[in-house]
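Notes follow the structure.
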Amino acid sequence: MSKSLSLFFAVVSVLLMCATAISMSFNAWLAILFGILTLLMIGGGFVVKARLRRRNENKG
């Protein structure tokens, strides 16, 4: 995975974690939504990394 793509997933995940923490004091449902989005973003990063690694192994 390229450094810029890794940075994108890291920054977006951290922003979603911050949104989850801030929304906990306002609305529980919003906090749950941001929590799920955070998990999906982190999981999506792992999926993209695995697919790119598999693609590179098949080429080489």
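Because only heavy atoms are used, hydrogens play no part in the values below, and waters and symmetry mates are left out as well, while side chains stay in. Keep in mind the model is a prediction, meaning the values are calculated, not measured. Position 1 is the first residue of the sequence, and the numbers go up from there.
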Subject >> Among Thr38, Leu33, Leu40, side-chain contact (heavy atoms from CB on, under 4.5 Å) partner for Ile36 >> reply: Leu40

So, do [X] and [Y] sit near enough that their side-chain heavy atoms are less than 4.5 Å apart?
{"X": "Arg51", "Y": "Arg55", "answer": "no"}
{"X": "Val48", "Y": "Phe9", "answer": "yes"}
{"X": "Met41", "Y": "Leu15", "answer": "no"}

Original post:
Between atom CD1 of Ile42 and atom CE of Met17, what is the distance when rounded to the nearest 0.5 Å?
Top reply: 4.0 Å

**OP:** Treating Ile, Leu, Val, Met, Phe, Trp and Tyr as nodes and any side-chain heavy-atom pair under 4.5 angstrom as an edge, say whether Leu37 and Val12 lie in one connected cluster.
**Re:**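 Same cluster.
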
Original post:
Are Leu5 and Leu16 connected in the hydrophobic side-chain network, where two residues link if heavy atoms are under 4.5 Å apart?
Top reply: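 Yes; tracing contacts between hydrophobic side chains, which count when under 4.5 Å, links both residues.
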
Original post:
Nearest heavy-atom pair of Ser23 and Phe34: which atoms, and what distance?
Top reply: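 So the two residues come closest at OG-CD1, 3.7 Å.
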
